[in-house]
Undergrad: 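Please read through the structure below; I'll follow up with questions.
Only heavy atoms go into these numbers, but all of them, side chains included; no hydrogens, no water, no symmetry mates.
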Amino acid sequence: MTVGRWGCCVTSICMLSSYFGSYRSPGELADQMNLFLENGNLIWANLRFDKMQFQDRLRGSGMFAEVDACLRDPDRAVILEVNGGAHWIAALKKAWWTNDYVCADPWGGRKVMARGVYKNITGAATFSRKS
């Protein structure tokens, strides 16, 4: 397993950890073997941060109401699974002018429109501030 193969998901989570004030680097997370299955898939429930917690893994067309609600709440954040499930990006806000999301893309470090660049959103993972 390499960070190169799974790094976009880990890096997107690390972006959110910075937002919540409990930053962990992608390297720190990648070193925690209890976070990954043998095939490299993330074990979401094993994510542990001081000020942030994993909430839910979302899939299907009904997920967008929850993604939108998450982006309206400053105590919540979301990462989006795009490109047929092959890539993850951190959602920043819903674009008011279109049915798309402004996101921070760990691949290249730029802002992108999720559907504009990757055409589809196949899943999401939500996080919240620990109280």
Undergrad: Are E81 and R57 side-chain neighbours, meaning at least one heavy-atom pair lies under 4.5 Å?
TA: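 They are in contact (side-chain heavy atoms under 4.5 Å apart), so the answer is yes.
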Undergrad: Show, in sequence, the C-alpha distance, side-chain angles and deciding distance for Y101 and D68, and conclude whether the side chain to side chain donor-acceptor pair (under 3.5 Å) test is met.
TA: CA-CA 9 Å; Y101 301 91; D68 293 351; 2.5 Å; yes
Undergrad: For the side chain of T126 and the backbone of D56, is there at least one donor-acceptor N/O pair under 3.5 Å apart?
TA: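 Yes: the side chain of T126 pairs with the backbone of D56.
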Undergrad: Quick one: are Y23 and L16 in side-chain contact, heavy atoms under 4.5 Å?
TA: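 They are not in contact (no side-chain heavy atoms under 4.5 Å apart), so the answer is no.
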Undergrad: On a heavy-atom basis, which atom in M15 and which in A90 lie closest, and how many Å separate them?
TA: SD-CB, 3.9 Å
Undergrad: Would you say that D50 contacts K130 through its side chain, given a criterion of any heavy-atom pair below 4.5 Å between the two side chains?
TA: no
Undergrad: Are L37 and I43 packed together at the side-chain level, in the sense that at least one heavy-atom pair is separated by less than 4.5 angstrom?
TA: yes
Undergrad: Rounded to the nearest 0.5 Å, how far apart are SG of C103 and NZ of K93?
TA: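 Between atom SG of C103 and atom NZ of K93 there are 11.0 Å.
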Undergrad: Within this structure, what is the SG-CD1 distance for the pair C8 and I79, rounded to the nearest 0.5 Å?
TA: 8.5 Å
Undergrad: Going hydrophobic residue to hydrophobic residue with side-chain gaps under 4.5 angstrom, can you get from I89 over to V117?
TA: yes
Undergrad: Checking the side chain of D73 only, and the main-chain atoms of D75 only, is there a donor and an acceptor separated by less than 3.5 Å?
TA: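 It does hold such a pair.
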Undergrad: Just do the side chain to side chain donor-acceptor pair (under 3.5 Å) check on N99 and K94 with the steps written out, would you?
TA: CA-CA 8 Å; N99 190 27; K94 184 162 185 178; 3.3 Å; yes
Undergrad: M52 and Y19: same hydrophobic cluster, using ILVMFWY side-chain contacts below 4.5 Å?
TA: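 As far as the 4.5 Å side-chain criterion goes, Y19 and M52 are connected within one cluster.
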Undergrad: A side-chain contact here means heavy atoms from C-beta on lying under 4.5 Å apart; do R76 and E66 qualify?
TA: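 The answer is yes; the side chains approach within 4.5 Å.
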Undergrad: Where is the tightest heavy-atom contact between T98 and M113, given as atom of each residue plus distance?
TA: CG2-CE, 3.9 Å
Undergrad: Can you name the closest pair of heavy atoms from P106 and S12 and give their distance?
TA: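 So the two residues come closest at CG-OG, 3.6 Å.
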Undergrad: Is there a side-chain contact between Q53 and F20, using heavy atoms and a 4.5 Å cut-off?
TA: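 No - every pair of side-chain heavy atoms lies 4.5 Å or more apart.
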Undergrad: So I13 and L42, side chain to side chain contact (heavy atoms under 4.5 Å, CB included) or not? Walk me through it.
TA: CA-CA 11 Å; I13 292 167; L42 182 67; 3.5 Å; yes
Undergrad: Is it true that, when you exclude W96 itself, more than 12 heavy atoms of the residues, nucleotides or ligands shown sit nearer than 6.0 Å to its CH2?
TA: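 Count not over threshold, so no.
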Undergrad: Quick one: which residue pairs count as a ring pair (Phe, Tyr, Trp, His ring centres under 6.0 Å) with a foot in residues 43-69, not counting sequence neighbours?
TA: W44-F54, W44-W88, F54-F127
Undergrad: Find out whether L35 and Q32 are in side-chain contact, i.e. whether some heavy atom of one side chain is under 4.5 Å from a heavy atom of the other.
TA: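 The answer is yes; the side chains approach within 4.5 Å.
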Undergrad: Considering all heavy atoms of both residues, which atom of V78 and which atom of L71 are nearest to each other, and what is their separation?
TA: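 Shortest heavy-atom separation between V78 and L71 comes out as CG1-CD2, 3.7 Å.
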Undergrad: Please evaluate residues H87 and D105 with respect to the criterion side chain to side chain contact (heavy atoms under 4.5 Å, CB included), reporting the C-alpha separation (whole Å), side-chain torsions for both, the decisive distance (0.1 Å), and the verdict.
TA: CA-CA 9 Å; H87 189 52; D105 192 339; 2.7 Å; yes
Undergrad: Heavy atoms only: give me the nearest G116-D100 pair and the separation to one decimal.
TA: N-OD2, 2.9 Å
Undergrad: Closer than 3.5 angstrom, by distance alone: can the side chain of N120 be matched with the main-chain N or O of G84 as a donor-acceptor pair?
TA: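 Yes: the side chain of N120 pairs with the backbone of G84.
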Undergrad: Can you give me the closest heavy-atom contact between L80 and A124, atom names plus distance?
TA: CD2-CB, 3.9 Å
Undergrad: Could you check whether any side-chain N or O of N46 sits under 3.5 Å from a backbone N or O of N34, counting only pairs where one atom can act as donor and the other as acceptor?
TA: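 Yes: the side chain of N46 pairs with the backbone of N34.
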Undergrad: Verify side chain to side chain contact (heavy atoms under 4.5 Å, CB included) between T122 and V82, making sure each step is shown before the conclusion.
TA: CA-CA 6 Å; T122 52; V82 296; 6.0 Å; no
